[in-house]
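Report on the structure given below.
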Amino acid sequence: MVKTVVVYFSGYGHTRKVAEEVAKGAEAELVVVNEQGEIGEAGFTALNEADAIIFGAPTYMGGVPWQFKKFADESSKVWFNRGWQDKVFGGFTISASLNGDKQVTLIYLQTLASQHGGIWVSLGQLPANTQASTRAEANSLGGSVGLLTQGPSDAGSEAIPQGDLESARRYGARVAGVAARLRG
């Protein structure tokens, strides 16, 4: 069995909800980036021992929040020794707007994984993009690089569309499945 870790920062609880759903799909451990942008020694140990790492961060002002960036900068100590070389990676983000420049955040997460020498896993889900499609369907935002999700700014995580949460579970399972095949 592969070990998958979801490492994420959540400012208002929305990203936490998506991280929990991704973790369900991947049967993954959760590592929280705290308000100071830290995960501690135990968090880095979990990531170092993982076969797959899934990054999660909200999109604030067109990118990851400073707390996630601080964690990413701290990972340069691992980068220097190629500690995450050839691990499987994935990533997800959430913002209040349907677009909200989430793609920029995903590209940042993909670049971080690539800096570490990782193998990035795309979303792998067809978009729900017909006239009859609704937000209750998986991948209604039409992502491909990674998981895009949305939650209204005036509501809690319970308002995240069920289609986004289903996409999250499927994506977690996909990343863990790719890691299992590569480890195999």
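- Using modelled atom types, one finds no donor on one side chain facing an acceptor on the other under 3.5 Å when comparing S95 with T59.
- The distance from the OH atom of Y171 to the CD atom of E166 is 15.5 Å, given to the nearest 0.5 Å.
- Looking only at distances, no side-chain donor or acceptor of E29 sits under 3.5 Å from a matching main-chain atom of T4.
- Of all heavy-atom pairs spanning D51 and V2, the tightest one is OD2-CA, 3.3 Å.
- If you check the side chains of S133 and T130, you find a donor sitting under 3.5 Å from an acceptor.
- Counting only residues at least two apart or in different chains, salt bridge (charged side-chain N to carboxylate O under 4.0 Å, His left out) contacts with residues 122-141 comprise R135-D164.
- Between the side chain of K17 and the backbone N or O of A159, no donor-acceptor pair lies under 3.5 Å.
- A donor-acceptor pair is defined here as one N or O able to donate and one able to accept, closer than 3.5 Å; no such pair exists between the side chain of Y12 and the backbone of S157.
- Although no hydrogens or angles enter the test, the distance criterion places no donor-acceptor pair under 3.5 Å between the side chain of N81 and the main chain of G83.
- Across all non-hydrogen atoms, the minimal contact from P65 to P58 is CD-O, 3.3 Å.
- In this structure, the side chains of F92 and T15 come closer than 4.5 Å at one or more pairs of heavy atoms.
- Without hydrogens or angle criteria, K102 side chain to N99 main chain gives a donor-acceptor distance under 3.5 Å.
- The backbone N or O of G25 sits nowhere less than 3.5 Å from a side-chain atom of R174 that would complete a donor-acceptor pair.
- The backbone N or O of E158 sits nowhere less than 3.5 Å from a side-chain atom of H14 that would complete a donor-acceptor pair.
- In this structure, the ring of F71 has its center no less than 6.0 angstrom from the ring center of F9.
- In terms of the salt bridge (Lys or Arg N to Asp or Glu O under 4.0 Å) criterion, residue partners of D73 (sequence neighbours excluded) are, by chain and number, K69.
- Distance alone, capped at 3.5 Å, is enough to place a donor-acceptor pair between the K87 side chain and the N48 backbone.
- By the 6.0 Å contact criterion, CD on Q36 is enclosed, its count of non-hydrogen atoms from other residues, nucleotides or ligands being greater than 12.
- The two residues R16 and Y8 make their nearest non-hydrogen contact at CG-OH, 3.4 Å.
- Not one N or O on the side chain of W79 forms a donor-acceptor pair closer than 3.5 Å with the backbone of L112.
- Residues E49 and K3 form a side-chain contact, since some pair of their non-hydrogen atoms from C-beta on lies under 4.5 Å apart.
- Under the 30°/60° scheme for interplanar angles, the aromatic rings of F68 and Y108 are found to stand perpendicular.
- A donor-acceptor contact shorter than 3.5 Å links the side chain of N139 to the backbone of G142.
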